[in-house]
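Worksheet: the structure to be examined is printed underneath.
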Amino acid sequence: MHGKAERSSWPRRMRGGGLLLRLGAVLMLFCLFGAGEARAAVLAQDGALLRWLDGEVAPALAETLTRHPNFRGETIDFLSLRNGVPQARSDALSQAVVAQLRARLLAVAGVRLAVGGARGPCAIGPSVHYAIGIEVTAGEGGTGAVTLAMLDVTEGIWVGGTSHEWRGRLAVAERRALARVVAVGRPGSVDAPLAGSRTEAIAEALQAQLGCTLPQGLDGPVHLAVPDAAELGRIAASLRTSLATSPLGVLTPRAEAATWLLTLEDSGGGGPVRELGLFLGEPDRETTQRVASVFVSGLDPAQPGATAARAVERPEALRPAEPPILLGPLQLEPVAPRGVCDRDGGVCAEVSLELQEPAFLLVFGTGEERVRPLDCGREPERSEPGERRYRLQVPEGVESGRPGAGLYVIATRDPALARRVHQALRDAPGACGRDPDQDRAQWLSAFTGLLDADALSWRAIHLTESNGRLRRL
């Protein structure tokens, strides 16, 4: 192990900028069980790498950031590197190293760290001039190397005399994490494009940007045009479903009755990654303004004729399945405490949603550091479309910024996948009579992997109580 070793193999000039961690509703599951336990699933608690991070690197970085005149008072970010170049994709071990150092440095007075992926979609990040660059590489025989150095983002150079390097044997979980690729860009950005088949996720990304671009909404009816290309048409249909419950404006199916027109267009670029732009205009004017955009992969925005020709040439069984839009948005309203909420303390909430197609429905709540399936009994059965309502009690006095209670609703048309999710919920720590002290991080890692299945649709809501009122996180 070496403390101040220079690493001449890193190039003096860098390319690229700051990168954000991929976060979403699943982050609240990690909040439920604690970030430390989530890191424990990757970094071996008695391993040499964790001892080096906690015993050598974190104290040295804390001293550098609080005492060095170049870094004192500066906001510091983290970058994942490969051969000294910032990467659009990282690995799970590098992200675990970042999480461990972030937790240690946040406890040091005077250290300022960029918020990263937890930032809201409309927030503008702080000006970052320096970053901690981290590069993790695999060696032979289960070994690995970790190199860290301070990087001058403005000048595009790494700062001499600030590097730290470790070489040694990795634990089994650490080797697996090093081999697992993760996106570190914001979902829908050029660094982390969304799959073209994930129409719901694309629609949500566009809607989030619309809320930032047009925070006051639009005065008058809005018409969302249906693109000619089949793939774009499916994305527009998902976006129309999302906008139906948003405060942007009143949607109308008739273009002639609209005050505003929204159009979804392929902004070009070619290659496997394409940018889709959402444009706003008025019916009597030719000019439009781009109000949102998202990068997608695996999209072929062909015209209907070409799409129909391909459908004739390609058998139905060979076409990739389009993920269904099974669940409408979750709606929240406070209700009088009765039934499941007939207890002292906390606020009662009722959450409703629309199941839009026949599917297997699985529901669970979170709270008090536990997962609580609504049904621990028989295997799931197919549910008919229609409205569903669920009640949950949000306790008082929960630490600010943490969820007091949450509700997850999962739907799939795949019976085998439904059974796997159902069994995973039954096996959660403390659920359905299971041991509450079993390895939570291991269960959490396996369950969040299930949520990534293309054939599965899910929604989540996380609530906290503030002065007797509900607040949605």
What are the two closest heavy atoms between A58 and L105, and how far apart are they?
O-CD2, 3.9 Å

So which heavy atom on I202 is nearest to which on A195, and how close?
CD1-O, 3.6 Å

Side chain to side chain contact (heavy atoms under 4.5 Å, CB included) with F71: of T66, T64, L61, only one passes, and it is T64

Hey, mind stepping through V97 and S94 against side-chain contact (heavy atoms from CB on, under 4.5 Å) and telling me if it holds?
CA-CA 5 Å; V97 169; S94 296; 5.6 Å; no

Is there side-chain contact between L49 and L43, with at least one heavy-atom pair below 4.5 Å?
yes

Check the pair L224, L278 against side-chain contact (heavy atoms from CB on, under 4.5 Å), reporting the backbone distance first and the verdict last.
CA-CA 10 Å; L224 177 61; L278 191 62; 4.2 Å; yes

Nearest-0.5 Å distance that lies between atom SG in C376 and atom CG in L425:
9.0 Å

If I take atom CG from residue L53 and atom CH2 from residue W166, how far apart are they, to the nearest 0.5 angstrom?
9.0 Å

Contact check, side chains of L65 and E74, non-hydrogen atoms, under 4.5 Å
no

side-chain hydrogen bond (donor to acceptor under 3.5 Å, both in side chains) between D427 and Q423, intermediate numbers included
CA-CA 6 Å; D427 291 341; Q423 187 59 51; 3.1 Å; yes

Rounded to the nearest 0.5 Å, what's the gap from CD on Q207 to CD on Q209? Could you check?
11.5 Å

Can a donor-acceptor pair be found, under 3.5 Å and without considering hydrogens, that links the side chain of T199 to the backbone of R234?
no

Whether D54 and R104 form a salt bridge (side-chain N of Lys/Arg under 4.0 Å from carboxylate O of Asp/Glu) is what I want to check.
yes

Under the criterion side-chain contact (heavy atoms from CB on, under 4.5 Å), I'd like the reasoning laid out for W443 against V371: C-alpha separation, chi angles, the key distance, then a yes or no.
CA-CA 11 Å; W443 176 86; V371 165; 3.7 Å; yes

Taking the side chain as C-beta and beyond, is there a heavy-atom pair between I134 and L101 under 4.5 Å?
yes

Let me know which of R102, M150, R112 forms a side chain to side chain contact (heavy atoms under 4.5 Å, CB included) with I76.
M150

L79 and I132, any side-chain heavy atoms less than 4.5 Å apart:
no

Which pair of heavy atoms, one from V108 and one from A62, lies closest together, and at what distance?
CG2-CB, 3.9 Å

In this structure, CZ of R426 is separated from CZ of R434 (nearest 0.5 Å) by 5.5 Å

Quick test of your reading of the model: are R459 and E204 salt-bridged, counting only N-O distances below 4.0 Å?
yes

Q95 and S90: CA distance, side-chain angles, deciding distance, side-chain hydrogen bond (donor to acceptor under 3.5 Å, both in side chains) verdict
CA-CA 7 Å; Q95 296 309 300; S90 181; 3.0 Å; yes

How long is the gap from CZ on F295 to CG on L276, to the nearest 0.5 Å?
9.5 Å

In Å and rounded to the nearest 0.5 Å, what is the OG1 to CZ distance from T137 to R167?
6.5 Å

Dump the intermediate steps for side-chain contact (heavy atoms from CB on, under 4.5 Å) on L113 and F78, then the final yes or no.
CA-CA 9 Å; L113 298 181; F78 290 87; 4.3 Å; yes

Taking 4.0 angstrom as the limit, do R290 and E275 come out as a salt bridge?
yes

Between F364 and F447, is the ring centre distance below 6.0 Å?
yes

Within a reach of under 6.0 Å around CD of Q216, are more than 12 heavy atoms found that belong to other residues, nucleotides or ligands?
no

Look at the rings of W458 and Y408 and say which category their plane angle falls in: under 30° parallel, 30 to 60° tilted, over 60° perpendicular.
parallel

Side-chain heavy-atom pair L206, V291 within 4.5 angstrom cut-off:
no

Any non-hydrogen side-chain atom of L243 less than 4.5 Å from a side-chain atom of L262?
yes

Considering only heavy atoms from C-beta outward, does the side chain of L178 approach that of L170 to under 4.5 Å?
yes

Between Y390 and L374, is there a side-chain heavy-atom distance shorter than 4.5 Å?
yes

Under 3.5 Å, side chain of T143 to main-chain N/O of E140, donor-acceptor pair present?
yes

Nearest heavy-atom approach of V159 to D152 is CG2-N, 4.2 Å

Of all heavy-atom pairs linking A418 and F360, the shortest is CB-CB, 3.6 Å

Using a strict threshold of under 4.0 Å (side-chain N to carboxylate O), is an ion pair present between R176 and E174?
no

Nearest heavy-atom pair of R370 and P429: which atoms, and what distance?
CG-O, 4.4 Å

